[in-house]
Amino acid sequence: MSRQKGRGTFVASQKIAMTLSGLTSFSEEIKHRGMRPLSRLLSYEVIPATDRIAQQLSIPNQTPVYEMKRLRLADDHPLALETAYIPVHLLPDLTQDDATGSIYAYAEQHGLRLKNATQTLEARSAGPEEAKLLTISPNAPVLLIDQRTYLENGDMFEYSRSLFRGDSYSLTVAMDRI
């Protein structure tokens, strides 16, 4: 329970605890928690890779890439905004309909073998448009995660930037002593 002066008492929703120790998709993670994942496609287009995107994906500038912006939900509750970039040559038949489901599952069904990913995490405040889509207050805390996903052969599969609601996520990092 949480009390908010002038508003009343509310049942606090439980945060989704993500463990950063294995590569799972958003859909897999949400299903594992007993919820129904949903992706609302905000935009889907093929664009020439800009200098920044090409560098992140380790591909030549102007290489065609999918740019997919999705609102990620669990049981119809907005949790994250994601922008993902995937070289078109890896999934040449990917459609808008395919982009509403798990891209990892789609890639694996089409013969690609995902191996690992690196993530960079940063706390920041939500901008007005981000807050509106995530149904939070402007300047509410969000967690920005930049992720680079690699194939088994070492090639880059995806570069994504995701904004997670700060009130809905907690992170656990598994570490071994080296």
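A donor-acceptor pair under 3.5 Å links the side-chain atoms of His110 to the main chain of Tyr106, judged by distance alone. Proximity of a side-chain donor or acceptor of Asn153 to a complementary backbone N or O of Asp155 within less than 3.5 Å is detected.
Applying the side chain to side chain donor-acceptor pair (under 3.5 Å) test to residues at least two apart or on different chains, the pairs with a partner in residues 131-145 are Thr135-Arg165.
Annotation for Asp98 and Asp93: closest pair OD2-O, 3.7 Å, computed over non-hydrogen atoms. When every heavy atom of Leu41 is checked against every heavy atom of Gln96, the shortest pair comes out as CD2-O, 3.6 Å. The shortest heavy-atom contact between Pro64 and Val46 is CB-CG1, 4.0 Å. The two atoms that bring Leu133 and Pro78 nearest to each other are O-CB, 3.8 Å, heavy atoms only. Residues Arg70 and Gly101 come closest through the heavy atom pair NH1-O, 2.9 Å. Considering all non-hydrogen atoms of both residues, Ala74 and Leu79 come closest at CB-CD1, 3.5 Å.
With values rounded to the nearest 0.5 angstrom, Asp167 atom CG is found 6.5 Å from Ile136 atom CD1. Here Ser102 contributes atom OG and Glu108 contributes atom CD; the two are 7.5 Å apart, rounded to the nearest 0.5 Å.
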Got a list of side-chain donor-acceptor pairs under 3.5 Å for residues 83-90, not counting sequence neighbours?
residue	atom	partner	partner atom	Å
Tyr85	OH	Glu67	OE2	3.0

Apply side chain to side chain contact (heavy atoms under 4.5 Å, CB included) to Leu134 and Leu71, showing your working. CA-CA 8 Å; Leu134 291 170; Leu71 179 63; 4.0 Å; yes
Using the salt bridge (Lys or Arg N to Asp or Glu O under 4.0 Å) rule, take Arg72 and Glu82 through it: C-alpha gap first, then chi angles, then the decisive distance, then the call. CA-CA 7 Å; Arg72 310 305 298 266; Glu82 174 190 83; 3.1 Å; yes
Test log, rule side chain to side chain contact (heavy atoms under 4.5 Å, CB included), inputs Leu114 and Leu151: CA-CA 4 Å; Leu114 302 174; Leu151 297 171; 3.7 Å; yes
Would Phe157 and Ile103 satisfy side chain to side chain contact (heavy atoms under 4.5 Å, CB included), going step by step from the backbone distance to the final call? CA-CA 11 Å; Phe157 169 70; Ile103 299 294; 3.9 Å; yes
Could you please spell out the steps behind the side chain to side chain contact (heavy atoms under 4.5 Å, CB included) verdict for Val65 and Leu57? CA-CA 10 Å; Val65 295; Leu57 287 169; 3.9 Å; yes
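Between the side chains of Tyr159 and Thr149, no donor-acceptor pair of N or O atoms lies under 3.5 Å.
Among residues two or more places apart in sequence or in another chain, the side-chain hydrogen bond (donor to acceptor under 3.5 Å, both in side chains) test is passed with Arg124 by Glu130. Evaluation of the side chain to side chain contact (heavy atoms under 4.5 Å, CB included) rule for Thr63 yields Ile59, Pro60 as partners, not counting sequence neighbours. Looking at residues two or more places apart in sequence or on another chain, you find a side-chain hydrogen bond (donor to acceptor under 3.5 Å, both in side chains) between Asp51 and Asn61. Under the side chain to side chain contact (heavy atoms under 4.5 Å, CB included) criterion, Asp97 pairs with Thr95, not counting sequence neighbours.
Annotation: side chain of Leu144 is not in contact with side chain of Val142 (no heavy-atom distance under 4.5 Å). Thr118 places none of its side-chain heavy atoms less than 4.5 Å from the side chain of Gln147. When side chains are defined from C-beta on, Leu91 counts as touching Leu112, because their heavy atoms get closer than 4.5 Å.
A side-chain hydrogen bond (donor to acceptor under 3.5 Å, both in side chains) with Gln56 holds for exactly one of Glu158, Arg148, Arg161; it is Arg148.
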